[in-house]
K.L.:
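Input: one structure, supplied below.
Hydrogens, waters and symmetry mates are skipped; everything else that's a heavy atom, side chains included, is used.
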Amino acid sequence: MAIDFSFPPEIEELRLKVRTFVDEVVRPAETRIAEREGDRRFLVDEIIKMRAEAYSRGLWLPHMPAEYGGMGLGHVAMASVSAEAARSSFGPFALNAQAPDEGNMHTLLHWGTEEQKKKYLVPLCKGVARSCFAMTEPEVAGSDPTLIQTRAVLEGDEWVINGHKWFISGAEGAKFAILIARTEDEPEVPQAGNSAFIVDLPSDGWEIVRDVHTMSGSHNHCEIRIANLRVPRDNMLGGRGDGHKLGQARLGPARLAHCMRWLGQAEMALDMMVDRSLNRFAHGSLLADKQGIQWMIADSAMELYQCKLMILHAAYKIDRGEDFRSEVSMAKHFVANSLGRIIDRAIQVHGALGYSTDTPLAKMAQQARWARFADGADEVHQWRIAQRTIDAYKKDGTTKAATGGLPL
Ligand SMILES: Cc1cc2nc3c(=O)[nH]c(=O)nc-3n(C[C@H](O)[C@H](O)[C@H](O)COP(=O)(O)OP(=O)(O)OC[C@H]3O[C@@H](n4cnc5c(N)ncnc54)[C@H](O)[C@@H]3O)c2cc1C
């Protein structure tokens, strides 16, 4: 039997190392940072210390190959590392495996020329630069990149770009952006109208209008005005019309990387739910002894189990070079929704304490809300999953191939 749900000993050892690192270094730093909220200098110092400690413990850049100073982990191994790291919101950043840089590193590794890798990928890997990814626009549906209005026109050896973007994570302080803009007037297929560019930052013509304030506060998701921005011809990433392909190639693994981090958050919420139920007494017994609470715990445990299996299977398919689109879509949809439900149940079990900001649950609930529409809205994933399921039935007379292609 080839099916084996255990990790090789070295990956299990690594998972435990990340767990210890988060408990010993990251969570205490997170508490200190929360106590000095608004003190930017203190935040930066703490982050530098966390990163230095991660580096010295051999926990740096888990997703990149060794030639770039990384640990060379595949997606299955990354699932164990990311889920552990995400038990603190600073965990992925401490390992230099945070969004959007993680996705941008994969994109540059896959699509960049040697020159582009040297200039843009190497500093990201060393942790001396950050980046952002600029695709979404306020005027048109982000779910449909064929509607992108930002335009790039070739003038001599430069692309001149005009447009408007928003929700560009990490834009403030980024050393460069990967920008998606329309270059083709009559593409063969609508998906081939856009191209990708690397934009050095700051640049004339790239104006950060504001950090868009969200329901969970300001997190450097910026609105950008682009006016006569000039980008050297050689800064196109991939070829003309490859913008959509590049976005999709980036988003598949990046969506799964989100799922891995959400898993860590969902597990933390379930741990908190159970811990609270074992320590809160009402109406003659502990909450843990009450069936209404046990149902919430059971539902959450079952969902978390499904999340883990879906993530591992999708990661396994990516590692094997198989078509992973349906599995990543299903995982993205299911994990995003489970995350919201599990955190909400944890809040319920904590009562007023859960609604307060004395526990991380309130922040986690606000953060979890975007998971259902960013990087592919629920309904778009459902649409694609349904399409593939119907196609499988039409082709094979059974939907089997669309439900993970498993031997069951
Ligand atoms: C925290 C956060 C960080 C982000 N970071 C980045 C970033 O770094 N770079 C970047 O470029 N973008 C970023 N985004 C933007 C994100 O990718 C978009 O929000 C997403 O693509 C959806 O686009 P939209 O918001 O324009 O919603 P729309 O496309 O307008 O969709 C709105 C709703 O319409 C429905 N809908 C859409 N299409 C369909 C359909 N076919 N069938 C049925 N219903 C449908 C869905 O319910 C969807 O939620 C970020 C967003 C958030 C919230």
K.L.:
Should we say atom CZ of F281 is surrounded by more than 12 heavy atoms from elsewhere, each under 6.0 Å from it?
P.N.:
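Yes, CZ of F281 has more than 12 neighbouring heavy atoms, counting only those of other groups under 6.0 Å.
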K.L.:
Identify the heavy atoms of T389 and I385 that sit nearest to each other, and give their distance.
P.N.:
OG1-O, 2.6 Å
K.L.:
Hey, is CD on E188 packed in by over 12 heavy atoms from elsewhere, all under 6.0 Å?
P.N.:
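Counting other residues, nucleotides and ligands, CD of E188 stays at 12 neighbours or fewer.
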K.L.:
Sub-3.5 Å donor-acceptor pair from the side chain of R255 to the main-chain atoms of D375, do we have one?
P.N.:
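Looks like yes, one N/O pair under 3.5 Å.
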K.L.:
To the nearest 0.5 Å, how far apart are CH2 in W206 and CD1 in I168?
P.N.:
6.5 Å
K.L.:
Heavy-atom distance under 4.5 Å between the side chains of W383 and E379, does that happen here?
P.N.:
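A side-chain contact is absent here, since even the closest heavy-atom pair is not under 4.5 Å.
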K.L.:
Is the shortest heavy-atom distance from the side chain of S203 to the side chain of L229 under 4.5 Å?
P.N.:
yes
K.L.:
With side chain to side chain contact (heavy atoms under 4.5 Å, CB included) as the test, would you mind laying out the steps for Q367 and H219 before giving the verdict?
P.N.:
CA-CA 10 Å; Q367 279 287 323; H219 299 285; 3.3 Å; yes
K.L.:
Quick one: does S169's side chain get under 4.5 Å of F133's, heavy atoms only?
P.N.:
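When only atoms from C-beta onward are counted, F133 and S169 do not touch, as no gap falls below 4.5 Å.
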K.L.:
Just by distance, no angles: are the side chains of S300 and R345 close enough, under 3.5 Å, to form a donor-acceptor pair?
P.N.:
yes
K.L.:
Decide yes or no on side chain to side chain contact (heavy atoms under 4.5 Å, CB included) for Y120 and N104, but give the supporting numbers first.
P.N.:
CA-CA 10 Å; Y120 299 103; N104 285 349; over 6 Å; no
K.L.:
CG/L95 to OG/S82 distance, rounded to the nearest 0.5 angstrom?
P.N.:
8.0 Å
K.L.:
For Y355, is the OH atom crowded, meaning more than 12 foreign heavy atoms sit under 6.0 Å from it?
P.N.:
no
K.L.:
Could you tell me whether a side-chain N or O of K117 sits under 3.5 Å from a main-chain N or O of L109, the two making a donor and an acceptor?
P.N.:
yes
K.L.:
If you take all heavy atoms of P62 and M78, which pair is closest and at what distance?
P.N.:
CB-SD, 3.5 Å
K.L.:
A side-chain contact here means heavy atoms from C-beta on lying under 4.5 Å apart; do I148 and K165 qualify?
P.N.:
yes
K.L.:
Looking at T113 and Q116, would you say the former's side chain and the latter's main chain have a donor-acceptor pair under 3.5 Å?
P.N.:
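Between the backbone of Q116 and the side chain of T113 there is a qualifying donor-acceptor contact (under 3.5 Å).
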K.L.:
Within 45° of the axis and under 6.0 Å from the centre of the six-membered ring of F21, does NZ or CZ of R57 qualify?
P.N.:
no
K.L.:
What orientation do H313 and Y316 show, parallel under 30°, tilted 30 to 60°, or perpendicular over 60°?
P.N.:
parallel
K.L.:
Are any side-chain N or O atoms of Q348 and backbone N or O atoms of D344, one a donor and one an acceptor, separated by less than 3.5 Å?
P.N.:
no
K.L.:
Please check this pair: side chain of Q149 against backbone of H164, looking for a donor-acceptor N/O pair closer than 3.5 Å.
P.N.:
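Not confirmed, Q149 side chain does not pair with H164 backbone.
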K.L.:
For W166 versus E137, what's the shortest heavy-atom pair and its separation?
P.N.:
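That would be CD1-C, 3.8 Å.
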K.L.:
Checking the side chain of S356 only, and the main-chain atoms of L353 only, is there a donor and an acceptor separated by less than 3.5 Å?
P.N.:
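Checked: pair present.
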K.L.:
Evaluate the side-chain proximity of V76 to I11: yes if any heavy-atom separation is below 4.5 Å, no if none is.
P.N.:
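No, their side chains stay 4.5 Å or more apart.
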K.L.:
Salt bridge check, R32 against D39: does any charged N sit closer than 4.0 Å to a carboxylate O?
P.N.:
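No.
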K.L.:
Using a strict cut-off of less than 4.0 Å between a Lys/Arg side-chain nitrogen and an Asp/Glu carboxylate oxygen, indicate whether D45 and R41 qualify as a salt bridge.
P.N.:
yes
K.L.:
Verify, without hydrogens or angle tests, whether D211 (side chain) and H221 (backbone) share a donor-acceptor contact under 3.5 angstrom.
P.N.:
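A pair under 3.5 Å: yes.
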K.L.:
Run the side chain to side chain contact (heavy atoms under 4.5 Å, CB included) check on L108 and L237 step by step: do they pass?
P.N.:
CA-CA 8 Å; L108 286 164; L237 184 58; 4.1 Å; yes
K.L.:
So, using side chain to side chain donor-acceptor pair (under 3.5 Å) as the criterion, who are the partners of E322 when residues are at least two apart?
P.N.:
R320
K.L.:
Side-chain contact test, heavy atoms from C-beta onward, threshold under 4.5 Å: evaluate it for I33 versus F90 and give yes or no.
P.N.:
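With C-beta onward as the side chain, the pair touches.
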K.L.:
For residues A336 and A371, report the shortest heavy-atom separation together with the two atoms involved.
P.N.:
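Answer, listing the atom of A336 first, then A371: CB-O, 3.5 Å.
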K.L.:
Specify the closest pair of heavy atoms between A368 and L339, including all atoms of both residues, with the distance to one decimal.
P.N.:
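Result for this residue pair: CB-CD2, 3.5 Å.
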K.L.:
Are there over 12 heavy-atom neighbours, none belonging to Y55, within less than 6.0 Å of that residue's OH?
P.N.:
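Open: at most 12 neighbouring heavy atoms sit under 6.0 Å from OH of Y55.
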K.L.:
Distance check, rounded to the nearest 0.5 Å: R369 atom CZ versus I343 atom CD1?
P.N.:
12.0 Å
K.L.:
State the SG-CG distance between C125 and L61, to the nearest 0.5 angstrom.
P.N.:
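Separation between the atoms: 5.0 Å.
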K.L.:
A side-chain contact here means heavy atoms from C-beta on lying under 4.5 Å apart; do S195 and E184 qualify?
P.N.:
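Yes. Closest side-chain heavy atoms under 4.5 Å.
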K.L.:
With a 6.0 Å cut-off (strictly less than), is the heavy-atom count around CG of D144, excluding the residue itself, greater than 12?
P.N.:
yes
K.L.:
Tell me, with the steps shown, if I208 and I224 meet side chain to side chain contact (heavy atoms under 4.5 Å, CB included).
P.N.:
CA-CA 5 Å; I208 297 182; I224 315 283; 3.8 Å; yes
K.L.:
Would you kindly say whether H244 and N194 are connected by a side-chain donor-acceptor distance under 3.5 Å?
P.N.:
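The criterion, which ignores hydrogens and geometry beyond distance, is not satisfied for N194 and H244.
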K.L.:
According to the side chain to side chain donor-acceptor pair (under 3.5 Å) rule, which pairs have a member within residues 269-288, sequence neighbours left out?
P.N.:
S285-K290
K.L.:
For the side chain of R87 and the backbone of R19, is there at least one donor-acceptor N/O pair under 3.5 Å apart?
P.N.:
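Yes: the side chain of R87 pairs with the backbone of R19.
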K.L.:
At what distance, to the nearest 0.5 angstrom, does CD1 of I161 lie from CZ of R151?
P.N.:
11.5 Å
K.L.:
Grab the two heavy atoms, one from H350 and one from M272, that are nearest each other, plus how far apart they are.
P.N.:
CE1-O, 3.3 Å
K.L.:
Using modelled atom types and a 3.5 Å cut-off, is there a donor and acceptor pairing between side-chain atoms of R51 and backbone atoms of W60?
P.N.:
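No, because the side chain of R51 does not come within donor-acceptor range (under 3.5 Å) of the backbone of W60.
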K.L.:
Could you measure the distance from the CD atom of E267 to the CD atom of Q265? Nearest 0.5 Å is fine.
P.N.:
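Between atom CD of E267 and atom CD of Q265 there are 11.0 Å.
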K.L.:
So does L263 get a backbone contact from the side chain of K308, meaning a donor-acceptor N/O pair under 3.5 Å?
P.N.:
no
K.L.:
Decide, yes or no, whether a salt bridge links E30 with R27 under the criterion of side-chain N to carboxylate O below 4.0 Å.
P.N.:
no
K.L.:
Mind checking whether H258 and W370 have parallel, tilted or perpendicular rings, split at 30° and 60°?
P.N.:
perpendicular
K.L.:
Just so I know, are the side chains of M105 and N96 near enough to count as touching, which here means a heavy-atom distance under 4.5 Å?
P.N.:
yes
